[in-house]
*Asks:* 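Pasting a structure below so you can have a look.
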2 protein chains.
Amino acid sequence: MFSHNEIWSAIDKLAQANGYSTSGLAKKAGLDPTTFNKSKRVTADGKPRWPSTESISKSLAATQATLMDLVGFIEDTPIQSTAQAIEHFEVSQNGIKKLNQKPLASLVVTQDDSYAVTLTSAQWAPTYKKGTTLLVSPKTDLQTDDKLFVETANNDIFIMSFDSQDDDTLSLNAIILNEPDRRIQKTDIIRCAKILWASQ
Amino acid sequence: MFSHNEIWSAIDKLAQANGYSTSGLAKKAGLDPTTFNKSKRVTADGKPRWPSTESISKSLAATQATLMDLVGFIEDTPIQSTAQAIEHFEVSQNGIKKLNQKPLASLVVTQDDSYAVTLTSAQWAPTYKKGTTLLVSPKTDLQTDDKLFVETANNDIFIMSFDSQDDDTLSLNAIILNEPDRRIQKTDIIRCAKILWASQ
DNA sequence: TATTTTTTATGAATTTATTCCTATTTCAGG
DNA sequence: CCTGAAATAGGAATAAATTCATAAAAAATA
């Protein structure tokens, strides 16, 4: 379920995240530039007007975004967890480092082998927006396009999709713009977990 | 981005996953039952017709599904790729029974030992309200006050907190009003999982 | 098997969203 | 300060989706 307000807000955010104005996004999508006007979001007598599914599909295509990305722009309630926070990370220009204070991402571990990671940075938006909680599992039966949460020996963190692997290296594809694909030495990996579930 | 075919397929799957026919879903959503007819998906001259965003929103609301859930029916998301719907349950005055149609609770199982249970009954409110998704694990290292999801041989379901156990029986405390505490024979239990995580 | 209910189908009427057109506003560059 | 491009606004025309009305097929029930 999503509200009239949420879907319009998501369209605004989709445009902004790709450097477009609202009308610019409409043009890029091959639509009339006034399609997403504020004045087209309610009728004269105040009834809500919704964008069409086709317009949304075209807008996502124009920004090479998925429906999943759009979900990332729609706010929802945070999850509650039975787990306990044990580690914190900081995101900076040089990468992501473990630390104790002012965490931009917090990692919580449950009592079995699955655990949750809460992102307090917009680093991985729009795929995983700030505030997203990921439920991940360290299980190793990886399939192509599985999303992974990987931590290396020097405490860098990568959230990328699984491409392939051999005995020594793990090949990962970027899931956000302007991030390169990567090949990581397995000996450098201290944590590799498959993302099973992502909250809003 | 998503295609005309994908969005219609997703609506069909949303209906099916909730035990509805396509027209049944439309009715539940407060729409005309013919809204999602095959004949409404293309024009007379073969042009594709798309469901409106508002119809989709109403359909998700009717099934207590999120946009994320719909994505699961379209793309290879973590939820879809690692989970498979296997069983449905119905809650009635006399208890909870397994069935095939119109489930009030749906159970999905992931590829590792944790799985998710979505409650579509208010049976366990206010602790777990209608629509809550529980992430549970069959791990047996139980501690007092752990919340458990228990299914017995006659397909009754209990969501209660762990009190104690001996070789033969499991003692459970109620977590909702007007429910008695219980002692269950272990030989009667066909599923016992610890609730690790609860969604909104 | 007969009967009722549900589902599916299709055309026409209605409602809704987009497009077209024009005008105003905003903002960067000369 | 002026100008041109982009963004926004709003009404009318057009295109598109839903509803309504009806009928036929399929499924459930007696």
*Asks:* From the options D:dA16, D:dT8, C:dT8, select the nucleotide whose nearest atom is closest to the side chain of B:Lys47.
*Replies:*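 Of all the options, the side chain of B:Lys47 is nearest to D:dA16.
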
*Asks:* Which residues satisfy the side chain to side chain contact (heavy atoms under 4.5 Å, CB included) test with A:Ala15, sequence neighbours excluded?
*Replies:* A:Tyr20, A:Leu25

*Asks:* Which residues pass the side-chain hydrogen bond (donor to acceptor under 3.5 Å, both in side chains) test with B:Asp163, not counting sequence neighbours?
*Replies:* none

*Asks:* What is the distance, rounded to the nearest whole Å, between atom CD1 of B:Ile56 and atom C1' of D:dA17?
*Replies:* 12 Å

*Asks:* Considering just the side-chain nitrogens and oxygens of A:Ser52, establish if one lies under 4.0 Å of OP1 or OP2 belonging to C:dA17.
*Replies:* no

*Asks:* Between B:Lys38 and A:Thr53, who's closer to the 5' end of DNA chain C by nearest nucleotide?
*Replies:* B:Lys38

*Asks:* State which residues pass side chain to side chain contact (heavy atoms under 4.5 Å, CB included) with B:Ala174; sequence neighbours excluded, sorted by chain then number.
*Replies:*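 If we apply the side chain to side chain contact (heavy atoms under 4.5 Å, CB included) test to B:Ala174, skipping adjacent residues, the hits are B:Met160, B:Glu179, B:Asp181.
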
*Asks:* With sequence neighbours excluded, what pairs up with B:Asp12 under the side chain to side chain contact (heavy atoms under 4.5 Å, CB included) test?
*Replies:*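 Checked B:Asp12 against side chain to side chain contact (heavy atoms under 4.5 Å, CB included); matches are B:Thr22, B:Lys38, B:Arg41.
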
*Asks:* What is the distance, to the nearest angstrom, from the CZ atom on B:Arg41 to the C1' atom on C:dT10?
*Replies:*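 Roughly 15 Å, once rounded to whole Å.
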
*Asks:* With respect to the phosphate group of D:dA7, does any side-chain polar atom (N or O) of A:Ser21 fall under 4.0 Å of OP1 or OP2?
*Replies:* yes

*Asks:* In this structure, how many angstroms lie between the P atom of C:dT8 and the NZ atom of B:Lys27, rounded?
*Replies:* 10 Å

*Asks:* Applying side chain to side chain contact (heavy atoms under 4.5 Å, CB included), name anything that partners B:Ser55, two or more places apart in sequence or on another chain.
*Replies:* B:Leu31, B:Thr35, B:Phe36, B:Ser52

*Asks:* Using the 3.5 Å cut-off, write out each protein N or O paired with an N or O of nucleotides 19-21 of chain D and the distance between them.
*Replies:*
from, atom 1, to, atom 2, distance (Å)
D:dT19, OP2, B:Asp32, N, 2.8
D:dT19, OP2, B:Thr35, OG1, 2.7
D:dT19, O4, B:Lys40, NZ, 2.7

*Asks:* Between the protein and nucleotides 23-25 of chain C, are there any N/O to N/O pairs under 3.5 Å, and if so, what are the atom names and distances?
*Replies:*
none

*Asks:* Name all residues meeting the side-chain hydrogen bond (donor to acceptor under 3.5 Å, both in side chains) criterion together with B:Arg183; count only those two or more places apart in sequence or in a different chain, and write none if there are none.
*Replies:* B:Thr169, B:Ser171

*Asks:* Taking only residues two or more places apart in sequence or in another chain, which ones pass side-chain hydrogen bond (donor to acceptor under 3.5 Å, both in side chains) with A:Lys27?
*Replies:*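 Result, side-chain hydrogen bond (donor to acceptor under 3.5 Å, both in side chains) vs A:Lys27: none returned.
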
*Asks:* I would like to know whether B:Ile11 and B:Ser59 meet side chain to side chain contact (heavy atoms under 4.5 Å, CB included); could you show each step before the answer?
*Replies:* CA-CA 8 Å; B:Ile11 286 177; B:Ser59 297; 5.7 Å; no

*Asks:* So, A:Thr34 side chain and A:Asn37 main chain: donor-acceptor pair closer than 3.5 Å or not?
*Replies:* no

*Asks:* Tell me: CG of B:Asn37 to P of D:dA16, nearest whole Å?
*Replies:* 20 Å

*Asks:* Side chain of B:Trp50 only, please: which of C:dT16, D:dT8, D:dA17 is the nearest?
*Replies:*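 Nearest to the side chain of B:Trp50 among the choices is D:dA17.
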
